[in-house]
Every structure is written in C-alpha cells, then in structure tokens.
Amino acid sequence: MNYTLIKDFIDLLQEFENEVQMGSDAYPGNIQGFKAWISNKQNPEALHAQEPYWEGKENGRTPESAISTLLVHLNRYAKTYSKSAISDSEFSTQEDFIYLINLKAFGEMTKMALIKKNIHDKPVGMLIIARLLRQGLIEQTDSDQDKRSKVIRITERGLQVLGNQMEKIRQATNIVAGNLNYYEKMELIRILNKLDRFHYPIFSRNISSDQLIDIVYDDYSFKDSSI
C-alpha cells in the first residue's frame, strides 16, 4: 500500500476542508467541490472562465462600478484593523507606521519621495512627517549626495516603537487577506499590481482635481479592457 500517496491525499483533503470552514463559498463541501478545488488548484486560469456575481448586476450595474465600491469597502475594513493594531501604541494613524515601515525597508529618502511612495498629497504627507519628527521616530539630516537637500530616516527609537507593534500589524494584515487561498492571493496581487502600475504615473503628474477626469479620459481609451 502506498502510504505516502494516502498521506498526500489526506493533507489535500484537510487543506480543502480548512478553506471551506473559513467561509469560502467558491466550493461546496462535498466530493464535487473537492474535485473542482483540485482542478482549479492545478489550473488556476480555469477560474477566469467563471463570471462572478456582484451586487446590482441584475439591474445593469457595471463591473467597473462594483470594483470601485469594493475597493473603497476593503480600504475601510483595512483601516479598522489597523486602528485596532495601534490602539495601545504611540501611533496616531496607520499612515504613521506605514511611513516608518517604508523607511525601514527602503532606507533614507527625501520627504517628497516618502510622500509619493505612500500616495499622499504634499500637505497631508508633511503633517505626518512633522508628527513623526516631534515624536523622535524619524530624524532629518543633510543628504550625502546633495548638501542642499534634506533626507529623513527612521531612528533607533522609531525602530523600537515599530517593533513593539509589528506582531499586531502582521495580524491585521493577515485578517485583511481574509479567507483567500494561496492562489487567490497571488492572483489578487497580480491584478492590484497591474492597477497600481496604471494609476501611479497619473497620480505622479499632480493634475488638478477639476481637470483630472477629463485629462485621463482623453489620454486613455477605456473601451479596451486590456489597458
């Protein structure tokens, strides 16, 4: 008897049951669901052939409308978990620790580089940086490359305060990913990266709000879904 094969089968069955128990409604909890799960696990592209339901679809609501609303909802959910993660810390908002995480990960940078990395307008970003400076979580020094400009970096105190909250921050990010399986997470990252690569150059142009939609619509064709 091939016990290795039996063990592999039991491990797969346990993975499937865990996904169903976590609330996934993609597969029924029976043999038909298990077979579909196995098939899609081996061929994730097969999921693309299934058009999903979205609220208001039967009344003509467009997929673009559903995507926009769902992204807004997910951002609000993420903020509630982030707020919980910093409830007993020195951070005022989730942007505070995100700024520190970026400085820790990418090293010192100018104020504007940090603000753009976080997709903030300059006034909002400067307020966050000023708050972090007052708290001693970051510091400002002369640039080694250009003495006329300043760069900011995370301080030892900033690293300590951030480290004290990282476990809760990781827990919050895990919750945000919800009941997605590995393949769904990879596909979502791919799609969100594609959207980010589309929107970031537009954001970087600093187009005024009263002209933004008209200019973007003139520059891009939204009839082609492959853009």
Side-chain angles (χ1 to χ4, degrees), residues 65-143 149-180 184-185 188-213 216:
S65 173
I67 290 169
S68 181
T69 298
L70 289 170
L71 287 174
V72 170
H73 288 180
L74 288 169
N75 179 55
R76 290 173 180 167
Y77 299 146
K79 283 187 174 182
T80 62
Y81 295 123
S82 294
K83 185 177 180 180
S84 177
I86 63 175
S87 59
D88 58 348
S89 74
E90 298 184 41
F91 298 126
S92 301
T93 68
Q94 68 172 356
E95 283 78 13
D96 292 0
F97 70 75
I98 291 174
Y99 271 51
L100 293 188
I101 288 174
N102 277 315
L103 288 173
K104 180 182 178 181
F106 300 105
E108 66 182 27
M109 63 185 78
T110 64
K111 292 179 180 179
M112 284 311 302
L114 181 59
I115 291 170
K116 286 187 176 181
K117 184 171 284 294
N118 289 279
I119 320 298
H120 275 143
D121 293 328
K122 182 177 179 180
V124 174
M126 293 300 288
L127 286 174
I128 296 169
I129 290 171
R131 181 165 62 244
L132 295 175
L133 283 169
R134 287 196 304 270
Q135 293 176 294
L137 303 179
I138 61 175
E139 61 185 1
Q140 180 175 267
T141 60
D142 292 328
S143 170
S149 64
K150 302 284 187 180
V151 295
I152 54 177
R153 63 170 64 95
I154 189 170
T155 63
E156 287 299 321
R157 183 170 183 275
L159 288 170
Q160 180 180 357
V161 172
L162 180 62
N164 291 341
Q165 296 302 123
M166 278 309 300
E167 180 59 28
K168 283 193 173 182
I169 292 171
R170 291 190 188 98
Q171 291 173 349
T173 58
N174 287 339
I175 294 172
V176 170
N179 57 353
L180 298 181
E184 290 168 334
K185 290 174 186 176
L188 181 59
I189 290 171
R190 185 190 69 79
I191 292 171
L192 292 177
N193 274 335
K194 183 175 182 179
L195 277 175
D196 187 63
R197 287 191 295 269
F198 173 82
H199 289 292
Y200 186 76
I202 297 171
F203 170 81
S204 298
R205 292 166 63 183
N206 296 314
I207 304 171
S208 62
S209 296
D210 60 333
Q211 297 179 324
L212 179 61
I213 290 179
V216 174

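Predicted model only: the values in this text are computed from it and were never measured.
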- Arg153: salt bridge (Lys or Arg N to Asp or Glu O under 4.0 Å) partners, not counting sequence neighbours: Glu108, Glu139
- Message: Please check this pair: side chain of Thr69 against backbone of Ala66, looking for a donor-acceptor N/O pair closer than 3.5 Å.
- Response: no
- Here the gap from Gln165 atom CD to Phe91 atom CZ, rounded to the nearest 0.5 Å, amounts to 6.5 Å
- Task: State the CD1-CD1 distance between Ile207 and Ile202, to the nearest 0.5 angstrom.
- Result: 7.0 Å
- Item | Any side-chain heavy-atom pair of Lys79 and Gln94 under 4.5 Å | yes
- Task: State which residue, out of Arg134, Arg131, Arg157, fulfils the salt bridge (Lys or Arg N to Asp or Glu O under 4.0 Å) condition with Glu90.
- Result: Arg157
- Going through the checks in order, is the side chain to side chain contact (heavy atoms under 4.5 Å, CB included) test met by Gln140 and Val151? CA-CA 6 Å; Gln140 180 175 267; Val151 295; over 6 Å; no
- For the atom pair CG (Leu71) and NE2 (His73), what is the distance rounded to the nearest 0.5 Å? 10.5 Å
- Message: Using a 3.5 Å distance criterion without hydrogens, assess whether the side chain of Ser87 forms a donor-acceptor pair with backbone atoms of Ser84.
- Response: yes
- Give a yes or no answer on whether the side chain of Thr173 reaches the backbone of Arg170 with a donor-acceptor pair at less than 3.5 Å. yes
- Query: Do Leu192 and Asp196 have side-chain heavy atoms sitting under 4.5 Å apart?
  - Reply: no
- Message: For the CG atom of Asp96 and the OG atom of Ser89, what is their distance to the nearest 0.5 Å?
- Response: 8.5 Å
- Task: Kindly write out the residues that satisfy side-chain hydrogen bond (donor to acceptor under 3.5 Å, both in side chains) with Arg205, not counting sequence neighbours, or none if the list is empty.
- Result: Asp219
Enumerate donor-acceptor pairs with a distance under 3.5 Å from any side-chain N or O in residues 113-128 to protein atoms, sequence neighbours excluded.
residue: Asn118; atom: OD1; partner: Asn102; partner atom: ND2; Å: 3.0
residue: Asn118; atom: ND2; partner: Leu114; partner atom: O; Å: 2.8
residue: His120; atom: ND1; partner: Tyr99; partner atom: OH; Å: 2.9

- Does a side-chain heavy-atom distance below 4.5 Å link Leu162 with Phe97? yes
- Message: I need the Ile169 CD1 to Ile101 CD1 distance, nearest 0.5 Å.
- Response: 5.0 Å
- Are Asn193 and Arg190 close enough that some pair of their side-chain heavy atoms sits under 4.5 Å apart? no
- Do you know the tightest heavy-atom contact between Val161 and Leu137? CG2-CD2, 3.8 Å
- Item | Spacing of CG belonging to Leu100 relative to CD1 belonging to Ile154, to within rounding of 0.5 Å | 4.5 Å
